[in-house]
Structure formats: C-alpha cells, structure tokens
J.: 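The structure under discussion is supplied below as structure tokens; questions concerning it will follow.
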Amino acid sequence: MTVLHLRAAGASLVLDARGGVPAIIHWGSDLGDLDETALAALADASVPAIPPSSIDVPLRLSLWSSLADGWSGRQTVEGHRQGVPAPAFRLVELHDQDPIAWVRGESADGSLELTTELELSAEGVLRVRHVLVNRGATAFDLAGLDIALPIPADAAELLDFTGLWAHERQPQRAPLRHGVWSRESRHGRPGHDDAFLLMAGEPGFGFRRGRLWAVHLAWSGDKRLVAERSALGPGTLGGGELLAPGEIRLAPGESYETPWLVAVHSETGIDGLSDRLHPWIRSRSALRLPRPVVLNTWEAVYFDHDLPVLSRLVDAAADAGVERFVLDDGWFTGRRDDKRALGDWYVDPAVWPDGLHPLISRVHAAGMDFGLWVEPEMISPDSVLAREHPSWILGGASGPTWRWQRVLDLGNPDAYAHLRERLAALLTEYPIAFLKWDHNRDLLTPGAAHRQTRALYRLLASLRAEFPHVEIESCASGGARIDLGILDLVDRFWTSDTNDPLDRQRIQRWTSVLIPPEYLGGHLGDATAHVTGRHSALGFRLATALFGSAGIEWNLTTASPPERALIAAWIAEHKRLRPLLHTGTVVRADAADPAFRLHGVVARDRSEAVYALVAVGSPSTALPPPIRFPGLDPNRLYTVRPIGPPPKTVQDTPPAWLAAGEVTLPGRVLAEAGLPCPLLAPEQALLLEVS
Ligand code: DGJ
C-alpha cells in the first residue's frame, strides 16, 4: 500500500494508506507533483509530536477514527452488536483508479467491513462516502456513520445557514471554538433551516477573499453537518446521515451506504467554492438548456381553477413569451382548499369535466408545454385514499397533522405501487412535460426518514426512466428540499415560496453558492408580494427574477398594457442572455456599503458578463464606494452599458459614465478602480451588460 495523492484543479488530498489506519494528512490547496518518495517523506514528516498525558503513539486523524485508536472526538462508526460497541478498523486494501480511490478495512474479528470511496473531480470537488458491511453472524445496530476531514487551525470562522418558510438561506457566522458545532435536520427533508453548506475559513472570509473549506451532504433526509475542534487533535469538518435509534439494523450480510459528503476547498473566498461546484454539477448533469420561461398558476389563481380564466392566462403568458405553463395545486378530486384530497390523484370531474385536455390543448396551441403540480409523498386524512387505506399513513394517525396533511408511507410496497401507478397513469394520459413535485410537511415519524428518502429516490429514478422527457422540480414549501442528493433526479428547484424581490435577493444569492442558477426557479410576482405584503417596483422584480430559471407567478391578465410590454421585453432579454447566465461563472462582490450588493455572471471565456447592482437599503454615504466588477479578464477591454428598465435614483445627476450611456475600460481598471456608484433608491436594481 501507499501514500495516496488525489490532485485536481489546484486541490489536493493526501492519505497515508501504508498500513494500520488510513490517516488524512492533507486536504486543501495543491501540493504539486509529488513522486512516491516525496509522498512517503511527506507522510513521515507529518507525524506529530506526542504530547504529555496522552497515548504513546502520535495521534493522526484517521478516515475511520475510533476511541480504541485514541481518538476522543466524534467517532466514525457509532453502533453496537448486542451491546458491544463498534470496534476499530484496520486497512486491508487500497485501489487507486485516479480520480477515484477505495480504501477497505476490517475489524480485527472480521465481523465488520468498512470501505471508503474518495473521488476528486476534475474541478477539484472531493466526494467521500463509506459502505459498512456486516460480515458477522448476528445483527449490527448502526447509530451513525460520519465522514470527517481535517481543517487547519486558521479555519477559525464558520458560516452556515438557517431559515424559515419563505425566509430560507439566512447566513450565520460563528467562531469555531473547542467543542462540536453540529447542525442537525430531523425534518425528513433538509428543511427551511437547513445548514446547507457548512464553511470554515480564515476569519473575515468573504465572497472574494480568504481560504476556506466547506462541506455539504448530498442527501434529502435527516442529516448533520459538523465542525469540531479540541485541544487534543486537528479540527474537522464533516457530516453524515442522522440515524434514529433502531433505524438501521444490519442483518448478517447486509450493508449500509452513506450519502456522499461533498467537500470543497477555496483559496479565493466563497466565489471560489461556486467556481468548483457549478462546473462540477454542470459536468454531471443532463439538464436540458435553454431553460424554458415558466408561468406557474399558484399566486395567479390559487385553488380557483376555471377553464375560461386559465385560458385567458394561457394567452397572456404566450403573448409575453412564456414557454411553459404550469398548473399548480387544485386540479384533483375534491381539492378546493389545502385541507383535503392529497392522495386522490384523479383529475376532478367537477372542475375539469373534460379532464385537463382542453387546457393542455390551449397551452400547446399557444406554443408552450404543460406542467402539473403534484405532492406525491402526502396523504390528507380527508381523502378517499386515507379512508380506504388507513394503514398507508406513515406513523398512523398519531401526532399532529401539518397543513392538515399526513405522509404516505413509501416504504409500504402497496402504497408505493399505487402511487407509482397513479403518477404513471397521469403522465401517460396527458402530454405533461414537467412535474412540480411538492412536499409540504416534516415527516415527524421517528426512524422513518431513511426508508422514506430511499423510496423517494427510487420512485423518482423509476419515473425518470419510464418518462425521460418529463422534467421534475423539487419543491418543499419553497426551498426546504434543495440538496445535491435530489439534484441527480430533478431539473429545477423552487427556491422559495416568497416572490418578494428583496427577500429573494438574499435567498438566491446564498442558494446559488452551491446550486447553479439555471436550477433555481425565480419568478416575477405581483407588485404587492403575497407573502410579505411589501410593494416593489416592476424593474426591481424583473431584475431579481432574471438570473435563474425565470418565470412568472402572477395573474398577467390583471397587468396593465405597459406592464405587459415591459414583461415581454424582459422575457426577450432573458432569452437573449440565458446562454450566458446558465453556463457562466457566478460572481459576487464583497459589499463595501451594506446598502449595495453586486452580483453577476461572467462567461467562462470572460468575453462578456452581466451584473446587477442592487440597492437593498438607502446609501449610508453621499459617495458610496465604486462598483468594482469581479471576474473579468484584467487585460481585456470591455464596454459597460446599462440594460433593462432604468431604476429609480436619488441623485440629481448620474455618474458621468452612466450619463454617457456606456464606458470602455480594461478589465483590470473595472476590477480595481471600478466605476462611481449611482445613487439608486432603495429596492432598485441596475443591470449592466459588459462585453
Ligand atoms: C407550496 C409550494 O411551495 C407553492 O409554490 C404551491 O405549489 C403550494 N404548495 C400549493 O399547495
């Protein structure tokens, strides 16, 4: 065996796999081209001192850390066999098939086998997962199987996320002190308060500055992301599935595979993480571009389904340039409000006497494709399905309902088969191009999340195999299920239930650190946001919805003719720009004035870019700091010009470059000196095209 060195795109992972336990020597920036001798020298040289009052061998962070080896921090394998705790593991073999490596270990008595798979992608994204096999003659009860990677002492500040319904992705920072920072989700979905991406970096790290390390768990069920530091050993960053007692009991011969831990290092701040993650996700994805512009009916009509009304909306959408018309909640038997009928997935003859055919024909005649809302994993107590199959309700009728609904037990083979048949029947009868797949409550059933999540993945995969033309959107009361596990099985995320552009600016900014913008639904809502009641200018709403998978969530038939003209022009602009917006590098500037934010997308060859200068409040000084444009080629000459509806300002005259209509300067000047910032009124955005 050997010292393993995975290297790609300026990132390195070094694992001393020469025997005993596999010790992680380095995860971070590239250590260069090291031959076998140099790697052995590095591994030998990195053996630390033995401190007083400690074990009598040097303590190194193992891939399989165990108390029995002297590691008193969090353990890799938590579990027991008939009351006897999990043993330590010893390395048995290593396979290195660049860019993937497997290390296999066994417990001393051979009753457990642990294999860890490590992959460093061409973009420098590290993925790690374990597989535990019970080779013993009795059951092994698994309580946890985590992955932990080392972080250096200067990664002393943490950044992760919390949130609420319609307020997802609120960043929070904290110093990493001695102890465990564990962000746990027990929602049976990541939740609105999902930690999402746990970053540890040099204090004060920003979008464009600081070295940092970050982890995400590619899993849609219960999970934890953990940072740990102690006085005794290296700090770690990692996580794993959160298992309830008794949830995973491995019978002899059975195995458990962890979700992938996705780990990223950046030398250049948070943008450096996105610059690895987005190209990696894009390289693996089969997402069809261009992303169609959507009109979703939810905030337009809610449950009030009526063919003539919806037909007028279809026409208005088509006139504006919309490409996909999505019928939201309210179309199935008895669903007149959110208190009943989930599970009864038959088109309601009372509302749709001729089925959905007349509406879909109208949508197709107008040149759009058709999408339909479903919430397959749920069941209303007040439904035919619940009355006929009460045993299909996960956890039975105990505990509180949530939005008056319960969860369908996908682990029940009959319930699963029925649900699959219903969805397949709808997709067969109707020419449906897109399913908005919702999930509006926590599971609240101890020990069910693993089985339910695996069944969901199986269901999505099997429907995609049978109906490969159907795209799926992951929605969970907005953004409560956005993760890289489900991303392999869906084509879009509903980023949040709020269409309030001010809140959306924050939510989209942070969600897109991990997820490329083309996956993130962003819709133009009503002037008065339905969720917050805040009134926003049309230009601000349009600029906010421009960058992602764009759409409309508004009864366009109530918009005035000038508004409709502006919306049509905006959709045309989005279509012109989306090849750049959905393939380019996402950049954000570190705000020098908290009232202003700058974000943008730069073409991979840096030939062009689009930026949005966003005023989230009033300028705190009369002369705010200049706009500095990140991500451009320093040696290239660019022309900067405003596009879109002009924002409202609080200035007597604009800065000279803006008054002139455009300015041409080298990328270096635009990045370093920048351009004087116009005095935008609060909640306004200025779009700038740079080419
Ligand atoms: C919650 C979703 O997030 C909304 O967009 C909408 O689809 C409703 N559910 C429908 O009940």
Side-chain angles (χ1 to χ4, degrees), residues 163-169 187-194 220 294-305 310 313 324-345 347-348 351 370-383 401-408 426 432 434-442 471-483 486 490-501 503-504 507-508 511 519-526 529-532 545 548-555:
L164 293 170
W165 173 72
H167 288 285
E168 300 87 340
R169 247 56 75 196
H187 304 292
R189 56 180 184 173
H192 294 107
D193 62 348
D194 183 24
S220 313
V294 167
L295 184 137
N296 187 60
T297 61
W298 181 239
E299 290 196 356
V301 298
Y302 291 103
F303 292 102
D304 215 354
H305 288 195
L310 286 167
L313 189 54
R324 172 169 289 167
F325 188 90
V326 181
L327 185 66
D328 208 289
D329 198 355
W331 56 268
F332 47 100
T333 318
R335 183 72 165 177
R336 298 283 63 78
D337 56 29
D338 58 4
K339 295 191 170 53
R340 67 206 83 245
L342 293 169
D344 297 344
W345 302 115
V347 177
D348 192 342
V351 183
F370 179 76
L372 190 65
W373 179 94
V374 286
E375 195 179 359
E377 299 146 83
M378 296 294 153
I379 180 165
S380 303
D382 183 3
S383 65
T401 54
W402 178 312
R403 208 194 188 202
W404 299 278
Q405 64 197 54
R406 294 197 182 277
V407 179
L408 184 71
L426 285 164
I432 293 170
F434 174 83
L435 287 178
K436 178 179 178 184
W437 187 296
D438 209 342
H439 184 282
N440 285 303
R441 64 160 282 170
D442 286 6
E471 297 198 333
I472 299 176
E473 175 176 56
S474 169
C475 169
S477 298
R481 189 157 67 187
I482 301 182
D483 63 80
I486 206 164
V490 299
D491 306 276
R492 194 179 203 249
F493 291 110
W494 183 225
T495 317
S496 175
D497 265 356
T498 187
N499 295 305
D500 178 325
D503 290 337
R504 272 291 186 138
I507 294 167
Q508 292 169 191
T511 310
Y519 282 93
L520 297 176
H523 291 181
L524 168 70
D526 216 329
H530 290 202
V531 165
T532 60
S549 173
I552 297 176
E553 189 102 4
W554 182 17
N555 189 345

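Atoms within a ligand are numbered from 1 in the order they appear, just like the ligands themselves. These numbers come from the heavy atoms of this one structure, side chains and all, not from hydrogens, waters or symmetry mates.
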J.: In plain terms, say whether D329 and R335 are close enough for a salt bridge, that is, a side-chain N and a carboxylate O under 4.0 Å apart.
T.: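 Yes, D329 and R335 are salt-bridged.
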J.: Identify, with sequence neighbours excluded, every residue that meets side chain to side chain contact (heavy atoms under 4.5 Å, CB included) alongside T401.
T.: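 Applying side chain to side chain contact (heavy atoms under 4.5 Å, CB included) to T401 gives P381, R406.
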J.: Answer yes or no: is there a donor N or O on one side and an acceptor on the other, between the side chain of R441 and the main chain of Q405, under 3.5 Å?
T.: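 Checking the backbone N and O of Q405 against the side chain of R441, a donor-acceptor pair under 3.5 Å is found.
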J.: What residues come within 4.0 Å of ligand 1, counting heavy atoms only?
T.: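 Answer by chain and number: W298, D328, D329, W373, R403, K436, D438, N440, C475, S477, G478, W494, D497.
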J.: Quick one: are N499 and H530 in side-chain contact, heavy atoms under 4.5 Å?
T.: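 Result no, sub-4.5 Å side-chain heavy-atom pair not found.
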J.: Mind checking side chain to side chain contact (heavy atoms under 4.5 Å, CB included) for V374 and listing every partner two or more places apart, or none if nothing turns up?
T.: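 For V374, the residues satisfying side chain to side chain contact (heavy atoms under 4.5 Å, CB included) (neighbours in sequence not counted) are W331, P376, L423, L435, W437.
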J.: According to side-chain hydrogen bond (donor to acceptor under 3.5 Å, both in side chains), who are the partners of H523, at least two apart in sequence or on a separate chain?
T.: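 By the side-chain hydrogen bond (donor to acceptor under 3.5 Å, both in side chains) rule, H523 matches R492, E553.
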